[in-house]
A.B. asks: 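Take a look at the following structure, please.
Nothing fancy with the numbering, it's 1 onward along the sequence. Because the structure is predicted, anything quoted here is derived from the model rather than measured.
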Amino acid sequence: MSTVYDCSRPDSRESGLAAAANAVRAGGLVVLPTDTVYGIGADAFDSNAVASLLAAKGRGPDMPVPVLVGSWSTVDGLVMSVPQQARALIEAFWPGGLSIVLPQAPSLSWDLGNTRGTVNLRMPLHPVALDLLREVGPMAVSSANRTGHPPASTATEAREQLGDSVSVYLDGGPSGEPVASTIVDLTQAQPSVLREGAVGLEDLADVLGVDVESLR
């Protein structure tokens, strides 16, 4: 059975964060609010938990799972290096709706799907998500919905789709307009946008010092 915690109440929020942290450490799945849409998450370093996450969504490893972090500094231990362009984007847009794809550190023993040696990283702008990430470390997090269905903008919508495959639901209220994060690929010499979303191309171009058209 899954449990829903109302994070608008201090006592329930504290209990929910503790239950979610315990669930993640035990290899379970949790649903958490973010600044874009609700996410379904697991310990990024637990390959069985990540496999359960993919199964709950009804998708395979061909669509690898992004990783959420709770601080800027966490990134240094997850990637081969942090280029100046990445640091500029992090300083400008984190926490927020920007995901950055970088070559992962070769020493990491995780299985996020068919990543081809890369990792998709983001720091969300949501207090509940940040509290959980700072407690348990990097989490593999994907949108909280079954593949082919709309992303969930509330915990109730997430539970309707994912049910008891998730141990803990952290209800942080409606996520607002359900806009996915913008994804920027920095694994090649020229930055490119893999998905347009919460952060506009013009803003990215200003920070990177490139033309908008070159990002498309």
Side-chain angles (χ1 to χ4, degrees), residues 1-5 7 13 15-71 74-75 77-79 99-102 104-124 126 128-149 151-152 155 157-172 175 180-181 183:
M1 276 295 287
S2 58
T3 306
V4 180
Y5 293 88
C7 293
R13 171 178 168 149
S15 299
L17 284 169
N22 288 336
V24 171
R25 294 187 182 109
L29 304 179
V30 302
V31 159
L32 63 155
T34 79
D35 49 331
T36 55
V37 296
Y38 270 73
I40 176 175
D43 181 351
F45 297 99
D46 186 332
S47 58
N48 290 327
V50 174
S52 295
L53 186 159
L54 291 170
K57 285 181 63 72
R59 82 184 200 193
D62 55 307
M63 297 178 67
V65 186
V67 172
L68 296 189
V69 298
S71 70
T74 304
V75 174
L78 302 179
V79 302
S99 299
I100 303 173
V101 180
L102 290 165
Q104 73 171 50
S107 60
L108 293 181
S109 57
W110 60 12
D111 184 2
L112 303 170
N114 299 334
T115 63
R116 298 177 178 83
T118 67
V119 61
N120 181 346
L121 297 168
R122 188 168 86 85
M123 182 180 177
H126 196 289
V128 174
L130 289 174
D131 281 350
L132 180 59
L133 290 164
R134 287 165 180 165
E135 177 66 25
V136 302
M139 291 180 63
V141 180
S142 183
S143 57
N145 60 286
R146 295 282 296 175
T147 296
H149 293 260
E157 290 177 3
R159 195 177 190 191
E160 287 172 351
Q161 296 192 51
L162 301 170
D164 288 337
S165 63
V166 172
S167 302
V168 174
Y169 288 83
L170 298 178
D171 187 349
S175 62
S181 66
I183 302 176

A.B. asks: Could you walk me through whether V24 and V30 pass the side chain to side chain contact (heavy atoms under 4.5 Å, CB included) test, one step at a time?
C.D. replies: CA-CA 7 Å; V24 171; V30 302; 4.0 Å; yes
A.B. asks: Between S52 and N48 (side chain of the first, backbone of the second, donor and acceptor by atom type, cut-off under 3.5 Å), is there such a pair?
C.D. replies: yes
A.B. asks: Kindly indicate, with the supporting measurements, whether the criterion side chain to side chain contact (heavy atoms under 4.5 Å, CB included) is fulfilled by V31 and L170.
C.D. replies: CA-CA 6 Å; V31 159; L170 298 178; over 6 Å; no
A.B. asks: Would L112 and V119 count as a side chain to side chain contact (heavy atoms under 4.5 Å, CB included) if you check the C-alpha gap in whole Å, the side-chain angles of each, and the deciding distance to 0.1 Å?
C.D. replies: CA-CA 8 Å; L112 303 170; V119 61; 4.1 Å; yes
A.B. asks: Does the distance from a Lys or Arg side-chain N to an Asp or Glu carboxylate O, for R146 and E160, drop under 4.0 Å?
C.D. replies: no
A.B. asks: Which heavy atom in L29 sits nearest to a heavy atom in A56, and how many Å separate them?
C.D. replies: CD1-CB, 4.0 Å
A.B. asks: Are the side chains of T34 and R122 in touch, meaning some heavy atoms are under 4.5 Å apart?
C.D. replies: yes
A.B. asks: Decide whether T118 and T115 meet the rule of one side-chain donor and one side-chain acceptor closer than 3.5 Å.
C.D. replies: no
A.B. asks: In Å, rounded to the nearest 0.5 Å, how long is the span from OH of Y38 to CZ of R159?
C.D. replies: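 Answer rounded to 0.5 Å: 13.5 Å.
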A.B. asks: Answer with yes or no whether the side chains of S2 and S167 bring together a donor and an acceptor at under 3.5 Å.
C.D. replies: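 No.
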A.B. asks: Please examine the side chains of F45 and V50, heavy atoms only from C-beta on, and report whether any two atoms are closer than 4.5 Å.
C.D. replies: no
A.B. asks: Could you tell me the separation between the CG atom of D46 and the CE atom of M139, rounded to the nearest 0.5 Å?
C.D. replies: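 Reported to 0.5 Å precision, the distance equals 11.0 Å.
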A.B. asks: Rounded to the nearest 0.5 Å, what's the gap from CG on N120 to CD on Q104? Could you check?
C.D. replies: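 So the CG of N120 and the CD of Q104 are separated by 12.0 Å.
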A.B. asks: For the pair R13 (side chain) and L17 (backbone), establish whether a donor and an acceptor sit closer than 3.5 Å, ignoring hydrogens and angles.
C.D. replies: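 No, because the side chain of R13 does not come within donor-acceptor range (under 3.5 Å) of the backbone of L17.
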A.B. asks: Indicate yes or no for a side-chain donor-acceptor contact from K57 to the backbone of S143 under 3.5 Å, with no hydrogens or angles considered.
C.D. replies: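 Yes, K57 side chain to S143 backbone: donor-acceptor pair under 3.5 Å.
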